[in-house]
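Take a look at the structure set out below.
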Amino acid sequence: MDPQTVFCPNLACPASGQVGKGNISVHSQEDRRYKCKVCGKTFAETKGTVFYRLRTSKDVVVTVVTLLAHGCPVQAIVVAFGLDERTVLSWQSRSGKHCQQVHEHLVEQPRDLGQVQADEIRVKMQGLIVWMAMAIQVQTRLWLGGVVSQSRDRHLMRALMQRVRRCALCRSLLFCVDGCRAYIDAIRKTFREPIPGQTGRPRLRAWDGIIIAQVVKRYAHGRVVGVIRRIVQGTETQVKALLRTTQGVGVINTAYIERLNATFRSRIAMLVRRGRALARQIPTLHDGMYLVGTVYNFCTYHKSLRVPLYLPNHRRRWLRRTPAIAAGLTDHRWSIKELLSFRVPPPFWQPPKRRGRPSKAMKVLIAKWCT
Ligand SMILES: [Zn+2]
């Protein structure tokens, strides 16, 4: 137990979310609990992780979640480990929600995205069809998040673009999407900013440097017979420059997101085509998607992201990277245990709003914890 690496999870505590400030001490080695000296509360070592209040050993949970994140059917785990089906499903849902928090904390940070590709998967569930829309940053192969909806319409595309926007800096950004018209409207409406200095509802101005390209495939008898590539917004020179910096050579395509869709299809048991492991509820699919997506980002080496290291005597070694390493979010590949034990810090404490001047004690707290 190392109190220097832990923060206080109490939202009402002035020290909440702050690491290494000397306010945490070990409360009990036996019960594995810490104590915060500022608010006086104690909390378990596993608070904020997937393992909080689980009675099964960590190793079993990690093994089961690893299997779930790689497409193992729930029934196989039930038989192999002798667990109840509801237990396995609750661990899956818990890990999915935890992964979504990790994703929102680490991946949804503004960065220069370069090229983004977006696409949807049609998912057959028990008694209904749903759509799963996802986006990828091409240069680092980072999965930027996804949205599940019952209809493939502008609301789905808007929700996906809002996720992408949280990951984007206002720089040159090329979108490669399929022929669905709702994308164009969603991109144009999402990537806008209010013009400052106005009263009332501010007018919005579109970001500069947003380029939209479409790849429309024509099918006959289930096979692609023709591809039309068109630029909806922006110039050919801009598109060529962005393609060169983000994917080397090549043309406008949606190959990267289609490859990622294939990874998701193979890793979420309920997405396997013609399979029998259908999902019954949309939240199950949503949690499964976040579990697989975050494991893909943080725990899986991507072959095309490796870089050569040149050693003396003309020897060469490959440095393998995960999408998260390539995006500069971490410096090593995370194990699944590390991902499930990652504690997302709560937002820093804000002093309560009161009329008049703050008291002396409050001033001391603000000076200590809000600077
Ligand atoms: Zn505290």
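In this chain, residues are counted from 1 in sequence order. Counting convention: from 1, in listed order, for ligands and their atoms alike. All values derive from a computational prediction rather than experimental measurement.
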Here the ring pair (Phe, Tyr, Trp, His ring centres under 6.0 Å) pairs for residues 14-64, sequence neighbours left out, are Tyr34-Phe43

Identify whether the distance between the nearest side-chain nitrogen and carboxylate oxygen of Arg33 and Glu45 falls below 4.0 Å.
no

message = Membership question, hydrophobic clusters at under 4.5 Å side-chain separation (ILVMFWY): are Val123 and Met134 in the same one?
response = yes

Note on the Zn ion (ligand 1): protein N/O/S atoms within less than 2.8 Å are Cys8 SG, Cys13 SG, Cys36 SG, Cys39 SG

query: Just checking, Arg333 and Phe298: is the charged tip under 6.0 Å from the six-membered ring centre and within 45° of the axis?
result: no

Could you tell me whether Arg154 and Asp185 have a side-chain N and a carboxylate O separated by less than 4.0 Å? no

- prompt: Are Trp334 and Phe342 close enough that their ring centers fall under 6.0 Å?
  reply: yes

